[in-house]
Every structure is written in structure tokens, then in C-alpha cells.
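Single-structure report; data block below.
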Amino acid sequence: MLIEQCVYANRWRAVTPAAKGLLALGALVAAFIVASRPAVGLLLAVLVATVPVVGAGVRAGHYARIAWPPLSFLLIGGLSMLVAVDLQQGSINLHLQSQHEVFVVVARSCGALAALLLLVTTTPLTDLIALLRRMKTPELLLDIMVLCYRVLFVFSESVHDMQTAQAARLGYADARRSLHSLGSLAANLLAQVWQRSRGLHQAALARNNDGPLRFLAPTFAQAGRHTAFAAIAALALVAASLWLRSGV
Amino acid sequence: MRDMLLEMARVSFAYPDGSAGLRDCSLAIRRGSRNALIGANGSGKTTLFLHTNGLLRPSQGELRYAGQAVNYSRHGLRDLRSKVGLVFQNPDRQLFSASVREDVSFGPLNQGLSEQEAAHRVDAALNAVGMEGLAHKPVQNLSFGQKKRVCIAGVLAMAPELLVLDEPMAGLDPAMQTELLAVLERLHASGMTILLATHDIEFAYRWADDIHLMKDGACVTSFPSAELANHADILAAARLSLPPVIALQQVLTASGALPELPPIRSSEDLLAHLEQPVAKRSSAHGR
Ligand SMILES: Nc1ncnc2c1ncn2[C@@H]1O[C@H](COP(=O)(O)OP(=O)(O)OP(=O)(O)O)[C@@H](O)[C@H]1O
Ligand SMILES: [Mg+2]
């Protein structure tokens, strides 16, 4: 839950998600445009990556740990595109002619990743959902997001509790018992999911719910100003990327 | 005639698996009163509470709200659930949203209030339970007691006439219990009727106007809590014992340490009564 920590502790916590979303969108578009020059694209990705760290005060160590899994996935993917293994001839070939394309793809993905992380590391999911609601996302999707997010914590807590309880009675003492414990944990969890879903339904009825889940949207001070700032920054990013691309 | 807010008349209910939830249960809640529902684990308290809010429907018998039989149509249920607010036993069962403010706004918005009105209610409710400082904290980072208070706020924001709380004190430390009690006292002073389930007979004796006793799904008896001492045998049958303060008062009165007084409901009050004459005596010696 590293992301959770960043999201609630950063300096941009009180900034409207609309502004952060706009900035991230600008960075995303810029990354797509500028990636035709991979070196510049990578530079942009690095630049965008520093924004949450320097601007919002997300801890660099946390950011690195959040970015590492997708980044490593990306790099491995890029490498595998670059290298082709021919099993029949038993040879390994470097696809030098497609090198440029691979770099473009990697630069573009890195830029997109940095843009997304800009949003994800600074904005709580509840704010994001509120933003999506304002953008008229279908209610059903939003309800599922709200419930999943909430239930995620309820279940991670009960899994943790069950696991601790099992461990306390030597449930993980050896490999065979571990497997057995894990199995009964899963079975137990399934029953709990069933019960909880009924419970949540009852709780919703008790508070007079009969349709989509409605909540009060959080309000943000200076939302207009922040959004305007973000819009200008996003436009500047896109303009700069257009200019950089044409300057080949 | 006394003004009854909620009445259950010979209500029976069986769960789908056949186990009896309620057996021929009759109970009345006076408007503006404080009520404690006492019963052992599995005696049917939660089942009864689910009836008060229309979440369960009696298989026999009748539920009346403000003199009218409850109407189980969509519209009737909406009405009942706006007037009877139910706070669940387990807060994780009640909380929907991961944000405190959002969750509290859930009820008022369901009632069809405008966003502005709902925002107002949310702030007032969070204030009432002393959670205004944590309105923007994610629910998963709250303590158990704080979650419970958010649940209460979520129901208060709907401005119910009857507040039903399923074991509100369970799992709270003594300081939190005292705070919650102060919240309940304020609500009662503002005219709200309160019904809560508890295992703590001393608390019920001290706080409630009326005590209702349940055993094995039956509503055994109801009485004003000042008369608790007269019901020792029924309590014993339900494997409950009288609060020690009753025996203490009897012994002290018999030995002449206390004058004949109406029932004293808590050890603090008893102590205050005991200290009073001592103080008088010692000041008389001083002169
Ligand atoms: N969903 C259910 N299905 C079947 N039986 C149930 C269900 N819920 C409760 N019961 C049974 O109904 C009876 C009353 O349960 P209830 O939960 O109302 O008791 P309670 O007084 O609230 O107990 P506690 O003090 O433990 O909360 C119990 O015997 C219980 O086993
Ligand atoms: Mg119960």
C-alpha cells in the first residue's frame, strides 16, 4: 500500500484532481508526440517523473519503488523485441533495422508511465472516482470501483488476521501444513465474501439506498486557479513537444 | 396515554435455515425515551433491530410506527428507514466508501436531499460525534472506535427520530465509551429516541429509562430501569445478575449508613451520597 501512503501524504493532496488529471493528460499527449525522437522522449519521461517528487513532495524512494515493477516489465519487453531467437538455427539475432522503432515504443511507454504515475502518486482513488463521476462515467462502473476499493481493505485485513491466527497455531510450520492452511484460508475467504456482500447490501438498504451509490463530492479550495495553471502547463508541454518533433 | 413511537406486537421471525430469530416478541418504545435491550449472545437482539428498520419482515405479528402499521411497500420502507436509523454492530459492515465524508453523505443523498443540504447535514453529524477533524482521512486508516463514530454520524446525518444502535459500546475503551455516552446524552436532550443493545447491565441501569430483556428470541419483559431490583429472578433466569450497586445500597440502608432513598443507579452516585453526610459530620466536629 505504498501508493496509499504517497497519496495521502503529498503536498498536492488538497489540489483538485481535475488539475492533476489535466497535467497528466498533457504529459501523456506530449509523450506520444515527442517519442518519435526517443532520446527526447526519454528526457521528457524523466522530467515528468521529477514533477511529483519535486513538486508534490512524494518521497523519491517511494516513487522509485512504485515505478520499478512496471518499468522493469517495460524494459524487459523492449529487450525481447530487440532480440530474436531462432530455435531452428540455434542463433540469436539482433534486429538492428527495427532498433529505432523499439526505442520509440519504449520512450513512448516510459513517458506514458510517468504521466500516469504523476496522477496516481498524488491523487487518492476516492478523488479520482469523484472526478470520473463529474465526467459522467457510467454509474455502474463507479459503484464497482467504490465497492472494490473499500472491500480491498476489508479483505486484506481479514486475510492478514486469518493468516496471523493460523501462524499462531503453527499453521505454516512446514510445507504440507502451509498448503493446507492456505487452502482453508481461501475457502474461508470465499464464505466471507459471500456474507459481506449480503451485509453491504443490507447496510445500503438501511440507509435508504435503492439505486446507484451516491456520495457528496469533495470540494477543493482554489480549484479554478489550480485547474487553469494545470491547463496552461499541459498546453505548454504539448506545444513544446510539437516543436521538438518538428525540429528533427 | 403514553406516546409510543415504535411497537412490536407478537412478532415472530424464522431465518431461511429454520432457526428461530424472534418468537412472539412484543415491545414498545416511548417517544423521547432511552432504551436498553439486554440479552445473551444469540438471544435475537440483532434480529430485532433488523426488524425496526424494515430490513427483515415479521413472518407473524405486526410492527407499528407512531401508531401506524408499517407499510412494506417501497414507499413505506423509504419512510420508515428515514425515521429509524440503524447503526450496525460491526462498522466494517456499514462503511461503504473509503472516505469519511463521502460515507456520511450516503444516507442524506439517498433521502433525496440537495448536495448543499447534505453537505450541511454531514458537517453537523461529524461535529456531533467529534470527528470533524478526521473528515478527510481514509476509512481504512481509522481506529475501530473512530470507525464506529463514523457509522453513527452516517446515520445521524439522516436525522432519524429513533436511533437504534447495535452494541455501540463493544470494543471501545473506557474513555471512548464515556465520550460516546456524552454524544448519546446530547442526542437524547435534543429529543431523539434511542434504543441500544448492550451486555453491560450496570450501564443499562445507569443510563436507560426503560430496560427490555430478551432470551432465546423472546422479549421476556420490559420495565422502567429504576425497578430493576424487583426483577432479579427474571434476570437470573437469563443468566444475568443485578448490578452490585443495588445490593450495596440495600446493605448500607439496612446498617443505617444511608437514609431511605429512591434507587441509586451508579456507584458514583452512591459514593456521592455516602460522602455527603460524612462531610457534614466532620464539619460539625470542626466547630
Ligand atoms: N443469517 C442468519 N441465518 C440463520 N440464522 C441466523 C442468522 N442470523 C442470526 N441467526 C440466528 O438467530 C439467532 C439470533 O441471532 P442474533 O444475531 O439476532 O443474536 P444477538 O442477540 O444479536 O447476538 P449477539 O449478542 O451475539 O450479537 C441466533 O440463534 C443465530 O444463530
Ligand atoms: Mg448481535
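Per chain, numbering begins at 1; letters A, B, ... match sequence-line order.
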*Which atoms of Val146(A) come close to chain B, meaning under 4.5 Å heavy atom to heavy atom: side chain ones, backbone ones, both, or neither?*
both
*Which atoms form the tightest heavy-atom contact between Leu95(B) and Leu200(A), and what is the distance?*
O-CD2, 4.1 Å
_Closest heavy-atom pair and its distance - Ala98(B), Tyr149(A)_ = CB-CE2, 3.2 Å
_I want to check something: taking the side chain as every heavy atom from C-beta on, are Leu216(A) and Glu115(B) in contact at a cut-off of under 4.5 Å?_
yes
*To the nearest 0.5 angstrom, please state how far the CG atom of Leu125(A) sits from the OG atom of Ser97(B).*
9.5 Å
_Minimum side-chain heavy-atom gap His201(A)-Leu55(B) below 4.5 Å_ = no
*Against chain B, label Gln195(A) side chain, backbone, both or neither, depending on which of its atoms sit under 4.5 Å from a heavy atom there.*
neither
*Does Gln60(B) CD have over 12 foreign heavy atoms under 6.0 Å away?*
no
*Residue Glu62(B) excluded, over 12 heavy atoms near CD under 6.0 Å*: yes
*Give a yes or no on whether Phe229(A) atom CZ has more than 12 heavy-atom contacts from other residues, nucleotides or ligands under 6.0 Å away.*
no
_Side-chain (Arg207(A)) to main-chain (Gln94(B)) donor-acceptor, under 3.5 angstrom_ = yes
*Close side-chain approach of Gln202(A) to Leu50(B), heavy-atom, < 4.5 Å*: yes
*Is chain B contacted by the side chain of Leu213(A), its backbone, both, or neither, given a heavy-atom distance below 4.5 Å?*
both
*Kindly give the heavy-atom pair with the smallest separation between Ala203(A) and Arg93(B), and that separation in Å.*
CB-O, 3.4 Å
*asked:* Please find the pair of heavy atoms, one from Glu102(B) and one from Thr126(A), that lie closest to each other, and give the distance.
replied: OE2-O, 3.8 Å
*Is it the side chain or the backbone of Phe88(B) that comes within 4.5 Å of chain A heavy atoms, both, or neither?*
side chain
*Heavy-atom pair with the smallest gap, counting every atom of Ala206(A) and Asn53(B)*: CA-OD1, 3.4 Å
*Hey, could you give me the CG/CG distance between Asn208(A) and Leu109(B), rounded to the nearest 0.5 Å?*
12.0 Å
_Atom group of Arg196(A) that falls short of 4.5 Å from chain B, counting heavy atoms_ = side chain
*asked:* Using heavy-atom distances under 4.5 Å, tell me whether Asp210(A) contacts chain B through its side chain, its backbone, both, or neither.
replied: both
*At a heavy-atom separation under 4.5 Å, does Asp103(B) approach chain A through its side chain, its backbone, both, or neither?*
both
_Close approach to chain A in residues 117-128 of chain B, criterion heavy atom under 4.5 Å_ = Ala118(B), Ala119(B), Val122(B)
*Does atom OH of Tyr15(B) have more than 12 heavy-atom neighbours, drawn from other residues, nucleotides or ligands, at distances under 6.0 Å?*
yes
*Just checking, is any N or O donor in the side chain of Gln140(B) or Glu157(A) under 3.5 Å from an acceptor N or O on the other one?*
no
*Mind checking which of residues 74-83 of chain B sit less than 4.5 Å from chain A, heavy atom to heavy atom?*
Arg74(B), Leu77(B), Arg78(B), Arg81(B), Ser82(B)
*Of the listed residues (Tyr8(A), Phe153(A), Phe215(A)), which shares the most heavy-atom pairs with chain B below a 4.5 Å separation?*
Phe215(A)
